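What you see is a predicted model, and the numbers here were worked out from it, not measured in a lab. To find a chain, count down the sequence lines: A is the first, B the second, and so on, and within it residues start at 1.
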There are 2 protein chains.
Amino acid sequence: MSERVVPPAARRRRRPTKQGVVLSEELIVETALRLIEEHGADALSVRRLGRALGADPSSLYRYFRHTDDLMLAIADELIGRTMRTWRPTGDWVADLRDLGLRMHAGALAHPRAAVLSSYRVTGRAYEIQAVETILGVLRGAGFPDAEAVRVYHAFVDQALAFGALDGASAAMPRPAQEAEDDVWRATYARLPADTHPHIAATARHLVADMRRTSYPAALDLLLSAARARLVAD
Amino acid sequence: MSERVVPPAARRRRRPTKQGVVLSEELIVETALRLIEEHGADALSVRRLGRALGADPSSLYRYFRHTDDLMLAIADELIGRTMRTWRPTGDWVADLRDLGLRMHAGALAHPRAAVLSSYRVTGRAYEIQAVETILGVLRGAGFPDAEAVRVYHAFVDQALAFGALDGASAAMPRPAQEAEDDVWRATYARLPADTHPHIAATARHLVADMRRTSYPAALDLLLSAARARLVAD
DNA sequence: ACCTTATGACAACACCGTTGACCTGTTAAG
DNA sequence: CTTAACAGGTCAACGGTGTTGTCATAAGGT
């Protein structure tokens with residue numbers, strides 16, 4: 001085995017698969033994303049990906065050292081897609097709000113990649129570009145360097161963390177999701193006011209609120225606190 | 001097979017395992033937690049848990065319908081442990097800050113359970129108690145019902161989401177963690193100022209800040225925004 | 001035309017969650 | 001006290017997973 005993975009630049013001798021496909025890092029990443037989009041995050045395994053590509057699973061290890069590596073490549077592609085369609089307006093709060101919602105939506109569609117990219121640094125091209133852009137927005141808004149980094153970090157992690165969780169929730173089978181709803185309606189909403197006064201008093205809101213993601217609310221809180229801190233200087 | 005899992009109340013005919021252990025839901029949950037604490041989250045599998053208990057893996061399916069079920073039981077036990085040692089002081093911001101940090105720490109120590117409990121409702125005893133308590137703190141602080149629920153939701157989800165992610169990060173093997181650090185030092189900190197001015201300007205802070213969790217910062221932002229909104233009424 | 005080697009294929013390994021069939025000790029009823 | 005029901009433990013198997021050591025071969029450089 002020794003060194004399985006060849007740096008992309010040195011790739012030359014492309015040879016078609018038994019089924020006639022010419023592999024490449026891009027093709028693998030794209031196929032992986034298509035697989036996730038069409039059949040859910042759980043449908044992504046090395047073996048299934050190989051099957052979808054028309055290649056032996058072990059061939060993929062010529063391009064990625066292990067699954068994590070592949071996930072990071074997917075994550076970077078997702079970052080790229082998110083940033084590609086984003087246009088800043090100059091209003092930093094509105095811009096970051098929009099970007100946060102986009103990141104969240106992207107992560108939500110690809111929870112497994114999101115979960116990885118949230119605690120891993122890809123160090124790849126699109127990630128670097130995103131870091132530079134967001135830091136630019138914050139420094140442009142007037143945040144001093146240390147504070148800009150702190151807000152950047154909290155902002156990004158919040159978007160990715162909520163994205164990963166809401167994605168996992170959305171990936172649950174339909175009946176399971178309805179069962180969750182039922183817990184709020186059947187268990188929580190029926191607790192007597194004398195033993196659980198606060199739940200009883202807010203039951204109506206709980207049932208309505210807990211079925212949605214709380215990310216937009218959390219994002220607004222974070223951004224408004226950051227703005228308040230900026231003004232306070 | 002038909003109905004494998006008997007409700008805990010009806011459990012009577014306990015019979016020791018071949019290796020002499022008498023199983024129970026509590027013993028299984030405790031052993032699972034011990035396993036995670038001692039050998040990391042990846043060490044928890046039905047088969048390993050069976051081995052650690054001195055029982056056939058399939059025995060566990062008499063107590064839990066599937067792994068998710070077990071995870072939810074673990075999650076509820078974690079909620080219980082977190083709440084058990086928490087004492088409110090009456091200062092709602094400080095109390096929620098303390099609670100948030102505790103939840104985060106608990107989730108961080110048990111990432112797999114955290115990831116599950118963050119998007120699932122257990123509906124079990126400890127969870128209900130926690131919901132009641134937190135809602136009580138917020139309503140006691142003066143939040144109107146709808147707002148209390150909104151803040152509750154954002155607060156809890158954020159604690160769990162960050163806990164899950166930071167837990168996953170902490171669960172990485174040591175060398176991999178150092179490799180992450182290196183990406184910031186070697187890749188980001190070396191980007192030239194003319195192509196990436198904002199990264200170059202903040203490189204020092206990035207290296208220092210990105211290796212820590214951003215949860216405390218995010219928590220403080222959330223709480224201060226909530227307080228501002230409360231005062232604004 | 002030859003040699004190197006990148007790259008695909010194959011078979012195997014060790015693990016995983018889950019289930020159906022079986023067996024046995026405990027318990028409750030007669 | 002006997003007996004019948006069945007909870008609950010065990011066993012073997014299924015189909016899945018990521019990963020790797022070995023081998024064959026076609027592409028490219030010389």
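Although no hydrogens or angles enter the test, the distance criterion places no donor-acceptor pair under 3.5 Å between the side chain of A/Ser169 and the main chain of A/Leu165.
As a whole-Å value, the separation of A/Asp56 CG from D/dT22 C1' is 13 Å. One interatomic measurement links the two molecules: CZ of B/Arg62 to P of D/dC6, which rounds to 14 Å at whole-angstrom precision. If you measure from atom CG of B/Leu49 to atom C1' of C/dC16, you get 14 Å, rounded to the nearest angstrom. Nucleotide C/dC16 holds its C1' atom 11 Å from the CZ atom of B/Arg51, rounded to whole Å. With rounding to whole Å, A/Asp69 atom CG is found 14 Å from D/dG18 atom C1'. Atom C1' of nucleotide C/dG8 and atom CG of A/Leu27 are separated by 15 Å, given to the nearest angstrom. Atom pair B/Leu23:CG and C/dG25:P shows a separation of 16 Å (rounding to whole Å applied). As rounded to whole Å, 12 Å separates atom P of C/dT18 from atom CG of A/Asp42.
For the pair A/Tyr63 and C/dG8, the criterion of a side-chain N or O lying under 4.0 Å from OP1 or OP2 is met. At least one side-chain nitrogen or oxygen of B/Ser45 sits closer than 4.0 Å to the OP1 or OP2 atom of C/dC16. Under 4.0 angstrom from either OP1 or OP2 of C/dT24 there lies no side-chain N or O belonging to B/Lys18. OP1 or OP2 of D/dT19 has not a single side-chain nitrogen or oxygen of A/Ser58 nearer than 4.0 Å.
At a threshold of 4.5 Å between non-hydrogen side-chain atoms, the residues B/Asp166 and A/Tyr119 do not count as touching.
Neither side chain, B/Gln129 nor A/His196, offers a donor N or O lying under 3.5 Å from an acceptor on the other.
Two residues, A/Pro16 and B/Asp68, neighbour DNA chain C, and the one matched to the more 5' nucleotide by heavy-atom proximity is A/Pro16. Between A/Arg15 and B/Val21, the residue anchored closer to the 5' end of DNA chain D is B/Val21, taking for each the nucleotide with the nearest heavy atom.
The side chain of A/Tyr61 has D/dG18 as its nearest neighbour among D/dT10, D/dG9, D/dG18. Comparing atom distances between the B/Arg48 side chain and each of C/dG8, C/dC16, D/dT17 picks out C/dC16 as nearest. Checked against D/dG18, D/dG9, C/dC16, the side chain of B/Arg47 finds its nearest nucleotide in C/dC16.
At the heavy-atom level, B/Thr67 lies under 4.0 Å from the strands shown only through sugar-phosphate atoms.
Salt-bridge formation is detected for the pair B/Arg81/B/Glu77: a Lys NZ or Arg NE/NH1/NH2 atom is positioned less than 4.0 Å from an Asp or Glu carboxylate oxygen.
Residue B/His153 holds its NE2 atom at 12.0 Å from CZ of A/Arg211, rounded to the nearest 0.5 Å.
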